[in-house]
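Whatever order the structure lists them in is the order used to number ligands and atoms, beginning at 1. Sequential numbering from 1 along the given sequence is applied to the chain's residues. Nothing here was measured: the structure is a model prediction, and the numbers come from that model.
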Amino acid sequence: MKNFHSRVAAITGAGSGFGREFALMGASLGMKLVLADVMEAPLAETVAMLKEKNADTEVVSMRCDVSVAAEIDALAAFAIARFGVVNVVFNNAGVGSGGLIWENTVKDWEWVLGVNVWGVIHGVRAFTPLMLAAAKIDAEYEGYIVNTASMAGLLSPPLMGAYNVSKHAVVALSETLFQDLIVAQKNNANDPQKTNGNAQQINCSVLCPAFVPTGIAKSHRARPADMQNSEAPTESMVLAQSMTHKAVSSGKMTAADIARLTFQAMQENKFYIFTHPKIMASVQMRLDDIAAGTNPRDPFSLKADARPDARPTIESTKAN
Ligand SMILES: NC(=O)c1ccc[n+]([C@@H]2O[C@H](COP(=O)([O-])OP(=O)(O)OC[C@H]3O[C@@H](n4cnc5c(N)ncnc54)[C@H](O)[C@@H]3O)[C@@H](O)[C@H]2O)c1
(Lines give C-alpha, C1' and ligand atoms only; values in the text may rest on other atoms or scores of the structure.)
Protein backbone atom coordinates (compact mmCIF):
# COMPACT_ATOMS: atom_id res chain seq x y z
CA MET A 1 0.00 0.00 0.00
CA LYS A 2 1.67 3.17 -1.17
CA ASN A 3 -0.46 5.83 0.38
CA PHE A 4 -2.44 6.05 3.61
CA HIS A 5 -3.57 9.67 3.54
CA SER A 6 -7.36 10.10 3.20
CA ARG A 7 -7.77 6.34 2.97
CA VAL A 8 -10.43 4.67 5.13
CA ALA A 9 -9.51 2.06 7.76
CA ALA A 10 -11.93 -0.18 9.66
CA ILE A 11 -10.43 -1.51 12.90
CA THR A 12 -11.93 -4.13 15.22
CA GLY A 13 -10.85 -4.31 18.85
CA ALA A 14 -10.15 -0.56 18.65
CA GLY A 15 -10.88 0.08 22.32
CA SER A 16 -7.53 -1.19 23.58
CA GLY A 17 -4.03 -2.46 22.80
CA PHE A 18 -3.07 -2.94 19.17
CA GLY A 19 -6.44 -1.76 17.83
CA ARG A 20 -6.14 1.56 19.62
CA GLU A 21 -2.57 2.00 18.37
CA PHE A 22 -3.59 1.17 14.79
CA ALA A 23 -6.17 3.96 15.12
CA LEU A 24 -3.66 6.46 16.51
CA MET A 25 -1.11 5.58 13.83
CA GLY A 26 -3.72 5.71 11.07
CA ALA A 27 -4.95 9.10 12.26
CA SER A 28 -1.38 10.44 12.37
CA LEU A 29 -1.08 9.47 8.69
CA GLY A 30 -4.32 11.28 7.81
CA MET A 31 -6.55 8.22 7.51
CA LYS A 32 -10.30 8.24 8.07
CA LEU A 33 -11.36 5.73 10.69
CA VAL A 34 -14.20 3.36 11.41
CA LEU A 35 -13.63 1.91 14.87
CA ALA A 36 -15.37 -1.08 16.41
CA ASP A 37 -15.23 -2.90 19.73
CA VAL A 38 -17.59 -4.96 21.84
CA MET A 39 -16.85 -2.68 24.80
CA GLU A 40 -18.37 0.74 24.34
CA ALA A 41 -16.58 2.79 27.02
CA PRO A 42 -12.99 1.95 25.92
CA LEU A 43 -14.05 2.49 22.31
CA ALA A 44 -15.33 5.97 23.18
CA GLU A 45 -12.03 6.57 24.99
CA THR A 46 -10.07 5.80 21.81
CA VAL A 47 -12.26 8.25 19.86
CA ALA A 48 -11.67 10.91 22.55
CA MET A 49 -7.90 10.31 22.41
CA LEU A 50 -7.92 10.74 18.65
CA LYS A 51 -9.95 13.94 18.83
CA GLU A 52 -7.71 15.30 21.53
CA LYS A 53 -4.65 14.78 19.37
CA ASN A 54 -6.32 16.22 16.29
CA ALA A 55 -9.85 17.61 16.32
CA ASP A 56 -10.04 17.26 12.53
CA THR A 57 -9.62 13.47 12.56
CA GLU A 58 -12.51 11.90 10.70
CA VAL A 59 -13.58 9.05 12.92
CA VAL A 60 -16.80 7.14 13.54
CA SER A 61 -17.32 4.24 15.91
CA MET A 62 -19.76 1.44 16.43
CA ARG A 63 -20.24 -1.23 19.07
CA CYS A 64 -19.74 -4.53 17.29
CA ASP A 65 -19.29 -8.11 18.47
CA VAL A 66 -17.10 -9.58 15.73
CA SER A 67 -18.27 -13.12 16.46
CA VAL A 68 -21.76 -12.23 15.22
CA ALA A 69 -22.14 -12.26 11.43
CA ALA A 70 -24.88 -9.63 11.33
CA GLU A 71 -22.85 -7.23 13.46
CA ILE A 72 -19.85 -7.28 11.12
CA ASP A 73 -22.18 -6.95 8.14
CA ALA A 74 -23.66 -3.90 9.88
CA LEU A 75 -20.15 -2.53 10.50
CA ALA A 76 -19.28 -2.83 6.81
CA ALA A 77 -22.56 -1.14 5.85
CA PHE A 78 -21.91 1.62 8.42
CA ALA A 79 -18.42 2.25 6.98
CA ILE A 80 -19.72 2.43 3.42
CA ALA A 81 -22.62 4.69 4.42
CA ARG A 82 -20.22 7.10 6.13
CA PHE A 83 -17.21 7.09 3.79
CA GLY A 84 -18.34 5.32 0.59
CA VAL A 85 -15.33 3.03 0.56
CA VAL A 86 -13.05 1.00 2.85
CA ASN A 87 -9.36 0.69 2.04
CA VAL A 88 -7.88 -1.05 5.05
CA VAL A 89 -9.44 -3.64 7.35
CA PHE A 90 -7.76 -4.64 10.58
CA ASN A 91 -9.39 -7.88 11.74
CA ASN A 92 -7.80 -7.46 15.12
CA ALA A 93 -10.24 -8.13 17.98
CA GLY A 94 -9.15 -11.15 19.98
CA VAL A 95 -9.38 -12.84 23.36
CA GLY A 96 -7.45 -15.47 25.28
CA SER A 97 -8.30 -18.26 27.66
CA GLY A 98 -5.94 -20.97 28.92
CA GLY A 99 -5.69 -24.25 30.80
CA LEU A 100 -5.09 -27.90 29.95
CA ILE A 101 -6.73 -28.37 26.57
CA TRP A 102 -9.28 -30.96 27.73
CA GLU A 103 -10.30 -28.81 30.69
CA ASN A 104 -11.49 -25.87 28.59
CA THR A 105 -15.26 -25.77 28.64
CA VAL A 106 -17.53 -25.70 25.62
CA LYS A 107 -18.15 -22.03 26.41
CA ASP A 108 -14.37 -21.34 26.51
CA TRP A 109 -14.01 -22.85 23.04
CA GLU A 110 -17.08 -21.11 21.66
CA TRP A 111 -15.99 -17.75 23.01
CA VAL A 112 -12.34 -17.91 21.88
CA LEU A 113 -13.07 -19.41 18.47
CA GLY A 114 -16.08 -17.10 18.08
CA VAL A 115 -14.03 -13.93 18.50
CA ASN A 116 -10.63 -14.99 17.16
CA VAL A 117 -11.66 -17.17 14.23
CA TRP A 118 -15.24 -16.29 13.32
CA GLY A 119 -14.42 -12.60 13.85
CA VAL A 120 -11.74 -12.80 11.16
CA ILE A 121 -13.90 -14.99 8.91
CA HIS A 122 -16.73 -12.45 9.12
CA GLY A 123 -14.37 -9.53 8.54
CA VAL A 124 -12.91 -11.13 5.43
CA ARG A 125 -16.33 -12.27 4.20
CA ALA A 126 -18.01 -8.89 4.69
CA PHE A 127 -15.27 -6.51 3.52
CA THR A 128 -13.35 -8.29 0.72
CA PRO A 129 -16.18 -8.17 -1.86
CA LEU A 130 -16.63 -4.44 -1.16
CA MET A 131 -12.91 -3.92 -1.73
CA LEU A 132 -12.88 -5.91 -4.96
CA ALA A 133 -15.87 -3.93 -6.22
CA ALA A 134 -14.11 -0.64 -5.36
CA ALA A 135 -10.96 -1.80 -7.18
CA LYS A 136 -12.96 -2.62 -10.28
CA ILE A 137 -14.32 0.87 -10.70
CA ASP A 138 -11.29 2.86 -9.55
CA ALA A 139 -7.77 2.29 -10.91
CA GLU A 140 -6.36 4.39 -8.05
CA TYR A 141 -8.01 2.23 -5.39
CA GLU A 142 -5.73 0.39 -3.00
CA GLY A 143 -6.97 -2.06 -0.38
CA TYR A 144 -5.32 -3.98 2.43
CA ILE A 145 -6.48 -6.57 4.96
CA VAL A 146 -4.46 -7.19 8.11
CA ASN A 147 -5.47 -10.18 10.21
CA THR A 148 -4.07 -10.28 13.73
CA ALA A 149 -2.89 -13.81 14.52
CA SER A 150 -0.03 -14.39 16.96
CA MET A 151 3.14 -16.41 17.40
CA ALA A 152 0.60 -18.84 18.89
CA GLY A 153 -0.47 -19.33 15.26
CA LEU A 154 2.95 -20.79 14.44
CA LEU A 155 3.79 -22.53 17.71
CA SER A 156 1.74 -24.71 20.05
CA PRO A 157 2.80 -23.90 23.63
CA PRO A 158 1.19 -25.81 26.50
CA LEU A 159 -1.84 -24.52 28.45
CA MET A 160 -2.94 -22.23 25.59
CA GLY A 161 -4.89 -24.76 23.53
CA ALA A 162 -7.99 -22.83 22.51
CA TYR A 163 -5.91 -19.73 21.75
CA ASN A 164 -3.33 -21.74 19.75
CA VAL A 165 -6.06 -23.43 17.72
CA SER A 166 -7.72 -20.09 16.98
CA LYS A 167 -4.49 -18.40 15.89
CA HIS A 168 -3.32 -21.33 13.74
CA ALA A 169 -6.69 -20.97 12.02
CA VAL A 170 -6.09 -17.25 11.46
CA VAL A 171 -2.70 -18.00 9.88
CA ALA A 172 -4.25 -20.62 7.57
CA LEU A 173 -7.14 -18.30 6.72
CA SER A 174 -4.74 -15.45 5.93
CA GLU A 175 -2.37 -17.56 3.83
CA THR A 176 -5.38 -18.74 1.83
CA LEU A 177 -6.67 -15.17 1.54
CA PHE A 178 -3.27 -14.19 0.14
CA GLN A 179 -3.54 -16.89 -2.54
CA ASP A 180 -7.20 -16.17 -3.29
CA LEU A 181 -6.56 -12.44 -3.73
CA ILE A 182 -3.97 -13.30 -6.38
CA VAL A 183 -6.40 -15.63 -8.14
CA ALA A 184 -9.21 -13.05 -8.06
CA GLN A 185 -7.03 -10.19 -9.29
CA LYS A 186 -4.94 -12.01 -11.90
CA ASN A 187 -6.78 -10.48 -14.84
CA ASN A 188 -6.53 -6.98 -13.46
CA ALA A 189 -2.84 -7.33 -12.62
CA ASN A 190 -2.15 -8.25 -16.25
CA ASP A 191 -3.86 -5.08 -17.41
CA PRO A 192 -1.99 -2.06 -16.00
CA GLN A 193 -4.66 0.23 -17.50
CA LYS A 194 -7.13 -1.15 -15.02
CA THR A 195 -4.85 -0.79 -12.03
CA ASN A 196 -2.92 2.36 -12.80
CA GLY A 197 0.29 0.32 -12.87
CA ASN A 198 -0.30 -1.31 -9.49
CA ALA A 199 0.57 -5.00 -9.73
CA GLN A 200 -2.30 -5.86 -7.43
CA GLN A 201 -4.72 -3.45 -5.82
CA ILE A 202 -5.72 -5.47 -2.76
CA ASN A 203 -3.16 -7.18 -0.57
CA CYS A 204 -3.11 -8.74 2.87
CA SER A 205 -0.87 -9.56 5.82
CA VAL A 206 -0.98 -11.70 8.89
CA LEU A 207 0.36 -10.12 12.07
CA CYS A 208 2.14 -12.54 14.42
CA PRO A 209 3.41 -10.84 17.57
CA ALA A 210 4.69 -12.53 20.71
CA PHE A 211 3.87 -11.18 24.18
CA VAL A 212 3.17 -7.45 24.31
CA PRO A 213 1.72 -5.54 27.28
CA THR A 214 -1.93 -4.83 26.38
CA GLY A 215 -5.25 -5.83 27.90
CA ILE A 216 -5.04 -9.37 26.41
CA ALA A 217 -4.34 -11.04 29.79
CA LYS A 218 -7.59 -9.47 31.02
CA SER A 219 -9.69 -10.65 28.08
CA HIS A 220 -12.43 -11.85 30.43
CA ARG A 221 -13.51 -8.20 30.77
CA ALA A 222 -14.96 -8.47 27.26
CA ARG A 223 -16.60 -11.86 27.80
CA PRO A 224 -20.35 -11.66 27.30
CA ALA A 225 -22.70 -12.93 30.01
CA ASP A 226 -23.94 -15.83 27.87
CA MET A 227 -20.34 -17.04 27.39
CA GLN A 228 -19.46 -17.16 31.10
CA ASN A 229 -18.57 -20.47 32.77
CA SER A 230 -20.83 -21.57 35.60
CA GLU A 231 -18.10 -23.67 37.23
CA ALA A 232 -14.96 -22.34 38.97
CA PRO A 233 -11.69 -22.35 36.97
CA THR A 234 -9.50 -25.45 37.32
CA GLU A 235 -5.96 -25.31 38.72
CA SER A 236 -4.47 -25.40 35.21
CA MET A 237 -6.67 -22.49 34.13
CA VAL A 238 -5.51 -20.44 37.11
CA LEU A 239 -1.88 -21.30 36.34
CA ALA A 240 -2.30 -20.47 32.66
CA GLN A 241 -3.85 -17.13 33.56
CA SER A 242 -0.95 -16.19 35.83
CA MET A 243 1.64 -17.35 33.26
CA THR A 244 -0.03 -15.28 30.54
CA HIS A 245 -0.25 -12.27 32.82
CA LYS A 246 3.46 -12.56 33.63
CA ALA A 247 4.55 -13.09 30.03
CA VAL A 248 2.38 -10.28 28.65
CA SER A 249 3.34 -7.75 31.31
CA SER A 250 7.05 -8.43 30.87
CA GLY A 251 6.92 -7.97 27.07
CA LYS A 252 9.53 -5.43 25.98
CA MET A 253 7.83 -4.10 22.85
CA THR A 254 4.89 -1.75 23.12
CA ALA A 255 1.59 -1.87 21.25
CA ALA A 256 2.71 1.33 19.50
CA ASP A 257 5.82 -0.52 18.24
CA ILE A 258 3.57 -3.25 16.84
CA ALA A 259 1.40 -0.65 15.05
CA ARG A 260 4.47 1.03 13.55
CA LEU A 261 5.86 -2.30 12.27
CA THR A 262 2.45 -3.23 10.88
CA PHE A 263 2.09 -0.03 8.85
CA GLN A 264 5.66 -0.42 7.61
CA ALA A 265 4.93 -3.98 6.48
CA MET A 266 1.78 -2.80 4.66
CA GLN A 267 3.85 -0.21 2.85
CA GLU A 268 6.30 -2.91 1.81
CA ASN A 269 3.48 -5.37 0.99
CA LYS A 270 5.02 -7.90 3.34
CA PHE A 271 2.64 -10.74 4.11
CA TYR A 272 4.16 -12.16 7.30
CA ILE A 273 4.53 -9.51 9.98
CA PHE A 274 6.92 -10.94 12.55
CA THR A 275 7.60 -8.47 15.32
CA HIS A 276 9.78 -10.64 17.59
CA PRO A 277 12.50 -12.07 15.32
CA LYS A 278 14.23 -14.08 18.06
CA ILE A 279 11.22 -16.39 18.36
CA MET A 280 11.63 -17.45 14.73
CA ALA A 281 14.21 -19.98 15.93
CA SER A 282 11.39 -21.76 17.77
CA VAL A 283 9.26 -21.72 14.62
CA GLN A 284 12.18 -23.22 12.72
CA MET A 285 12.51 -25.86 15.42
CA ARG A 286 8.83 -26.78 15.01
CA LEU A 287 9.18 -26.94 11.21
CA ASP A 288 12.29 -29.12 11.60
CA ASP A 289 10.37 -31.48 13.91
CA ILE A 290 7.53 -31.66 11.39
CA ALA A 291 9.84 -32.25 8.42
CA ALA A 292 11.82 -34.90 10.29
CA GLY A 293 8.70 -36.50 11.80
CA THR A 294 10.19 -36.22 15.28
CA ASN A 295 8.12 -35.45 18.38
CA PRO A 296 7.46 -31.75 19.14
CA ARG A 297 10.06 -30.15 21.38
CA ASP A 298 9.18 -27.50 23.98
CA PRO A 299 8.34 -24.39 21.92
CA PHE A 300 9.92 -22.11 24.52
CA SER A 301 13.06 -24.16 25.14
CA LEU A 302 15.15 -21.85 22.93
CA LYS A 303 13.92 -18.73 24.61
CA ALA A 304 13.80 -19.58 28.28
CA ASP A 305 13.50 -15.93 29.29
CA ALA A 306 10.23 -15.58 27.38
CA ARG A 307 8.47 -17.90 29.75
CA PRO A 308 10.66 -19.26 32.51
CA ASP A 309 8.07 -21.77 33.65
CA ALA A 310 7.35 -23.20 30.20
CA ARG A 311 6.14 -26.78 30.32
CA PRO A 312 5.22 -26.54 33.98
CA THR A 313 4.02 -29.49 35.97
CA ILE A 314 0.33 -29.43 36.72
CA GLU A 315 -2.15 -32.11 37.63
CA SER A 316 -5.49 -32.20 35.92
CA THR A 317 -8.12 -31.50 38.51
CA LYS A 318 -11.19 -31.64 36.34
CA ALA A 319 -13.58 -34.47 37.08
CA ASN A 320 -16.07 -35.67 34.51
N1 LIG B 1 -0.81 -8.58 23.43
C2 LIG B 1 -0.23 -9.70 23.04
O3 LIG B 1 0.69 -10.21 23.69
C4 LIG B 1 -0.67 -10.35 21.76
C5 LIG B 1 0.22 -11.21 21.11
C6 LIG B 1 -0.18 -11.81 19.93
C7 LIG B 1 -1.40 -11.55 19.40
N8 LIG B 1 -2.27 -10.70 20.04
C9 LIG B 1 -3.57 -10.45 19.41
O10 LIG B 1 -3.70 -9.08 19.18
C11 LIG B 1 -5.09 -8.75 19.05
C12 LIG B 1 -5.38 -7.51 19.87
O13 LIG B 1 -5.26 -7.83 21.24
P14 LIG B 1 -4.54 -6.87 22.29
O15 LIG B 1 -3.29 -7.53 22.69
O16 LIG B 1 -4.53 -5.50 21.79
O17 LIG B 1 -5.55 -7.07 23.52
P18 LIG B 1 -6.59 -6.05 24.19
O19 LIG B 1 -7.37 -6.85 25.15
O20 LIG B 1 -5.84 -4.88 24.70
O21 LIG B 1 -7.51 -5.59 22.99
C22 LIG B 1 -8.47 -6.44 22.41
C23 LIG B 1 -9.74 -5.66 22.12
O24 LIG B 1 -10.68 -6.55 21.50
C25 LIG B 1 -11.95 -6.28 22.04
N26 LIG B 1 -12.86 -7.42 21.86
C27 LIG B 1 -12.92 -8.55 22.60
N28 LIG B 1 -13.93 -9.33 22.18
C29 LIG B 1 -14.50 -8.69 21.14
C30 LIG B 1 -15.59 -8.98 20.27
N31 LIG B 1 -16.33 -10.10 20.44
N32 LIG B 1 -15.91 -8.10 19.31
C33 LIG B 1 -15.21 -6.95 19.18
N34 LIG B 1 -14.19 -6.60 19.97
C35 LIG B 1 -13.83 -7.47 20.92
C36 LIG B 1 -11.70 -5.97 23.50
O37 LIG B 1 -12.78 -5.27 24.08
C38 LIG B 1 -10.42 -5.15 23.40
O39 LIG B 1 -10.70 -3.77 23.29
C40 LIG B 1 -5.85 -10.00 19.48
O41 LIG B 1 -6.28 -10.70 18.33
C42 LIG B 1 -4.80 -10.81 20.22
O43 LIG B 1 -5.09 -12.18 20.21
C44 LIG B 1 -1.92 -10.10 21.20
Side-chain angles (χ1 to χ4, degrees), residues 10-25 34-47 49 61-72 74-75 90-98 110-123 146-155 157 160 162-171 173-174 206-227 243-259 261-262 273-276 279 306-307:
I11 306 172
T12 68
S16 176
F18 300 162
R20 175 172 284 175
E21 294 297 335
F22 292 148
L24 289 165
M25 181 94 206
V34 181
L35 307 184
D37 202 289
V38 75
M39 294 179 70
E40 277 172 296
L43 183 60
E45 227 174 75
T46 302
V47 174
M49 283 171 80
S61 66
M62 182 179 160
R63 187 200 168 275
C64 169
D65 181 341
V66 297
S67 68
V68 180
E71 296 196 18
I72 292 253
L75 178 68
F90 290 94
N91 289 309
N92 168 73
V95 294
S97 152
E110 285 178 348
W111 178 51
V112 173
L113 297 189
V115 180
N116 297 7
V117 184
W118 277 103
V120 180
I121 294 170
H122 291 319
V146 179
N147 296 330
T148 304
S150 166
M151 267 299 147
L154 298 162
L155 300 170
M160 296 174 49
Y163 191 74
N164 294 342
V165 168
S166 74
K167 295 302 185 176
H168 278 254
V170 174
V171 171
L173 190 160
S174 305
V206 63
L207 170 62
C208 299
F211 299 112
V212 179
T214 63
I216 195 73
K218 289 179 274 164
S219 293
H220 49 270
R221 71 198 191 287
R223 189 165 177 157
D226 63 346
M227 284 287 151
M243 285 170 71
T244 301
H245 178 74
K246 196 160 135 195
V248 165
S249 57
S250 56
K252 305 268 185 307
M253 294 191 78
T254 65
D257 292 331
I258 303 301
L261 291 171
T262 303
I273 311 179
F274 297 136
T275 55
H276 294 70
I279 295 187
R307 210 160 173 174

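Residues satisfying the ring pair (Phe, Tyr, Trp, His ring centres under 6.0 Å) test with Y163, not counting sequence neighbours, are none. Applying the side-chain contact (heavy atoms from CB on, under 4.5 Å) rule to S219 yields the partners V95, W111, I216; only residues at least two apart in sequence or on another chain are considered. Partners of R63 under the side chain to side chain donor-acceptor pair (under 3.5 Å) rule, at least two apart in sequence or in another chain, do not exist in this structure.
Annotation: ligand 1 has protein neighbours G13, G15, S16, G17, F18, D37, V38, M39, C64, D65, V66, N92, A93, G94, V95, V115, T148, A149, S150, Y163, K167, P209, A210, F211, V212, T214, G215, I216, R221, A222, each with a heavy atom less than 4.0 angstrom from the ligand.
Under 3.5 Å, the side chains of S174 and N147 contain a donor-acceptor pair of N or O atoms.
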**OP:** Could you please spell out the steps behind the side-chain contact (heavy atoms from CB on, under 4.5 Å) verdict for M151 and F274?
**Re:** CA-CA 8 Å; M151 267 299 147; F274 297 136; 3.6 Å; yes
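Tested against V165, the residues V117, L113, N116 include a single side chain to side chain contact (heavy atoms under 4.5 Å, CB included) partner, L113.
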